[in-house]
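Below is one structure, written out as structure tokens; comments come after it.
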There are 2 protein chains.
Amino acid sequence: MAQQSYHIAVVGATGAVGQKMLETLADRDFPIGELSLLSSSRSAGQQIDFKGKSYTVKEAKPESFEGVDIALFSAGGSVSKALAPEAVKRGAVVVDNTSAYRMDPEVPLVVPEVNEEDLKAHKGIIANPNCSTIQMVAALEPLKAAFGLSRIIVSTYQAVSGAGAVAIDELKDQAQQFLNGEDMEANVLPVKGDKRHFPVAFNALPQIDVFQDNGYTYEEMKMINETKKIMHAEDMHVSATCVRLPVFTSHAESVYLELGQDGLSVKDIHEKLAAAEGIVLEDDPSTQTYPTPLSAAGKKDVFVGRVRKDPDHDNGFHLWIVSDNLLKGAAWNSVQIAERLIQHNLLTI
Amino acid sequence: MAQQSYHIAVVGATGAVGQKMLETLADRDFPIGELSLLSSSRSAGQQIDFKGKSYTVKEAKPESFEGVDIALFSAGGSVSKALAPEAVKRGAVVVDNTSAYRMDPEVPLVVPEVNEEDLKAHKGIIANPNCSTIQMVAALEPLKAAFGLSRIIVSTYQAVSGAGAVAIDELKDQAQQFLNGEDMEANVLPVKGDKRHFPVAFNALPQIDVFQDNGYTYEEMKMINETKKIMHAEDMHVSATCVRLPVFTSHAESVYLELGQDGLSVKDIHEKLAAAEGIVLEDDPSTQTYPTPLSAAGKKDVFVGRVRKDPDHDNGFHLWIVSDNLLKGAAWNSVQIAERLIQHNLLTI
């Protein structure tokens with residue numbers, strides 16, 4: 001039987017995540033019949049190569065989605081709010097990589113290794129979670145399934161690429177300015193649209209996204225709320241501190257967790273992680289083996305090391321979780337959702 | 001009455017911390033009668049200026065301490081083990097900035113804002129705690145005193161200068177190599193004497209100091225054990241994850257704590273921190289006000305921001321604590337101990 005192929009649209013094709021989506025689609029040999037590369041009017045007209053063929057990027061409009069089977073959105077929340085329903089109206093299933101629909105109770109928020117079954121309830125839009133949330137829940141789900149999970153306290157070490165190509169350029173420029181003995185110029189981070197900007201090179205900024213009324217940043221609240229939704233664990237205690245680092249690619253996370261059982265050992269945790277889908281255990285203190293942002297960059301998996309038992313809490317453990325924020329944190333998780341939609345025949349509502 | 005002056009010896013005068021000790025002694029207008037600058041035989045013979053006068057660095061030997069009132073040691077644990085008792089034998093009081101004596105029950109481990117009274121029990125040696133521990137206990141003591149403190153979980157964001165001048169040079173070299181599109185050369189970090197080395201530029205290394213049998217690093221165990229000793233709180237639960245960043249100066253810490261009371265607000269925490277000695281509160285989300293490694297560098301205080309209440313734990317709070325690791329974390333805390341020894345007439349055993 002000839003394999004079926006699909007009409008795929010990538011919205012935000014010229015952005016950092018859009019580019020990674022195209023690389024991932026090519027890498028996975030995704031069954032693409034037709035490919036529509038879409039963007040804002042500003043980026044329309046650019047040429048992009050995909051598998052040796054050149055495509056002209058077109059401005060995304062409601063009618064762009066006629067005949068599209070799967071639309072991968074990553075062009076900002078306002079574009080998704082305006083156009084995702086238009087795409088759905090025209091018969092496409094949308095995988096949305098913005099925060100626009102993530103907490104909508106009608107929209108499944110999916111990390112395939114964790115809650116693939118939620119895909120079945122979709123009504124046209126599936127939300128791709130926040131990058132820092134995805135890698136954490138992917139690593140914690142096998143432990144929750146085996147032992148129960150009552151509590152998560154996470155401190156993040158996040159790459160600038162999460163803030164887009166302008167933030168990558170800013171870090172490069174600042175680092176060179178510093179090495180030249182010049183003042184560092186800050187115009188983008190911590191948050192492009194916020195009032196004040198600080199150098200990220202040779203620094204650490206404890207602000208990702210804007211502040212909420214409760215003193216947490218929006219990034220921290222995303223980790224708290226999305227984790228509970230994805231893991232179907234409204235009663236689980238989750239708290240987060242999110243920090244931007246002078247790192248280009250891969251987020252790292254220092255995660256403290258409390259399991260539902262006492263008496264567990266590091267070996268018990270290792271066994272569950274080593275057997276888990278999408279997780280690579282890199283944890284051997286005797287050979288200084290642990291993941292770092294540089295070691296994880298360009299790879300699709302979630303890497304876990306530094307597994308330790310809290311000396312004072314029998315059910316408490318520490319994990320160091322690292323993954324490429326543009327791949328599993330964004331492009332790969334979106335493409336993975338698209339693959340599972342096809343696999344489970346979920347392209348019709 | 002003429003102010004008394006003292007014979008001060010600085011052991012490790014040519015190192016990164018030794019240099020900061022001299023700057024701090026000058027800055028504080030410390031009452032120095034005579035000044036002996038000491039080092040290993042390797043660095044002996046160097047000339048160092050102090051307050052406009054040039055001093056020749058001499059090799060540290062037992063007899064170097066004849067007539068010395070206060071000896072500030074920062075030349076590595078083995079030097080302290082060999083020579084601190086010799087200095088004490090000759091009548092000096094030693095303030096030791098290595099880990100050699102920190103957990104010795106006979107040796108006070110002192111952060112003046114926290115446990116100044118422990119100085120009274122000294123038998124010639126006072127230990128200066130680990131840099132990452134000092135800034136944390138300085139910020140937490142006023143909260144412990146007011147509300148009780150049952151638990152600390154900390155993730156650190158530490159500067160390379162804690163690993164000495166070679167690590168500073170390595171970060172600069174690696175950053176320039178990366179920006180030039182060259183491979184980064186790693187010979188020092190994460191730990192100079194350990195088997196494997198990884199680039200720290202544009203990366204984050206979850207290893208500071210060597211691994212212990214329990215899977216924690218020595219840096220993490222220092223934070224756990226020293227915190228309990230300084231705060232006189234053997235039953236307090238403490239756990240730590242220590243991470244080295246591409247930052248030159250200042251350690252930052254994401255600290256989660258559980259207080260001894262429920263019902264407290266961020267305002268309650270702010271009030272105690274704002275009134276505390278040596279602490280500067282920099283915490284206003286509405287103006288993006290929080291400390292960063294760059295903003296704290298070169299300053300003696302401990303800066304605290306991002307105070308937040310755990311959404312799920314009434315007695316749980318988050319703090320972001322930043323301080324210059326070479327000043328409050330090393331040189332300034334040592335000089336401060338020396339000042340308090342004089343102030344309280346504790347230079348005789």
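Chain letters run A, B, ... following the sequence lines, proteins first and then strands; every chain starts at 1.
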Region of [X] that comes under 4.5 Å of a non-hydrogen atom in chain B:
| X | answer |
| --- | --- |
| A:Met221 | neither |
| A:Thr217 | both |
| A:Ala175 | both |
| A:Thr156 | backbone |

If you count heavy atoms of other groups shown closer than 6.0 angstrom to [atom1] of [X], is the number above 12?
| X | atom1 | result |
| --- | --- | --- |
| A:Lys228 | NZ | yes |
| A:Gln261 | CD | yes |
| A:Asp183 | CG | no |
| A:Lys272 | NZ | no |
| A:Lys195 | NZ | yes |

Using a 3.5 Å cut-off and no angle test, enumerate the donor-acceptor pairs between side-chain atoms of residues 198-206 of chain B and protein atoms at least two apart in sequence or in another chain.
residue: B:Asn203; atom: OD1; partner: A:Thr292; partner atom: OG1; Å: 3.4
residue: B:Asn203; atom: OD1; partner: A:Leu294; partner atom: N; Å: 3.0
residue: B:Asn203; atom: ND2; partner: A:Thr292; partner atom: OG1; Å: 3.4
residue: B:Asn203; atom: ND2; partner: B:Pro199; partner atom: O; Å: 2.9

- prompt: Side chains of B:Ser239 and A:Arg308: donor-acceptor distance under 3.5 Å anywhere?
  reply: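 No, no side-chain donor-acceptor contact under 3.5 Å.
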Leading residue by heavy atom contact count with chain A [cutoff under 4.5 Å; candidates [options]]:
| options | result |
| --- | --- |
| B:Leu171, B:Asn214, B:Val243 | B:Val243 |
| B:Ser155, B:Ser286, B:Ser295 | B:Ser155 |
| B:Val307, B:Val210, B:Val322, B:Val238 | B:Val238 |
| B:His237, B:Gln176, B:Lys172 | B:His237 |

- prompt: So which residues of residues 311-320 of chain B are in contact with chain A at a heavy-atom cut-off of under 4.5 Å?
  reply: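 So the qualifying residues are B:Pro311, B:Asp312, B:His313, B:His318, B:Trp320.
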task: Would you confirm whether the ring centroid of A:Phe178 sits within less than 6.0 angstrom of the ring centroid of B:Phe248?
output: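 Yes: the rings meet the under 6.0 Å criterion.
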Region of [X] that comes under 4.5 Å of a non-hydrogen atom in chain A:
| X | answer |
| --- | --- |
| B:Asp235 | neither |
| B:Pro190 | side chain |
| B:Tyr256 | side chain |

- prompt: Taking the side chain from B:Arg306 and the backbone from A:Gly215, do they hold a donor-acceptor pair closer than 3.5 Å?
  reply: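 Flag set: sc B:Arg306 to bb A:Gly215 pair under 3.5 Å.
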B:Gln288 backbone acceptor or donor facing A:Gln207 side chain under 3.5 Å: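 No; zero donor-acceptor contacts below 3.5 Å.
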task: Using salt bridge (Lys or Arg N to Asp or Glu O under 4.0 Å) as the criterion, list what pairs up with A:Glu253, not counting sequence neighbours.
output: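 Not a single residue meets the salt bridge (Lys or Arg N to Asp or Glu O under 4.0 Å) criterion with A:Glu253.
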message: Shorter than 4.5 Å, heavy atoms on both sides: which option in A:Pro293, A:Ala297, A:Ser254 has the most such pairs with chain B?
response: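 Maximum pair count with chain B is reached by A:Pro293.
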field: side chain to side chain contact (heavy atoms under 4.5 Å, CB included) involving A:Ala240 - partner list, sequence neighbours excluded
entry: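 Only A:Val154, A:Glu220, A:Met223, A:Ile224 meet the side chain to side chain contact (heavy atoms under 4.5 Å, CB included) criterion with A:Ala240.
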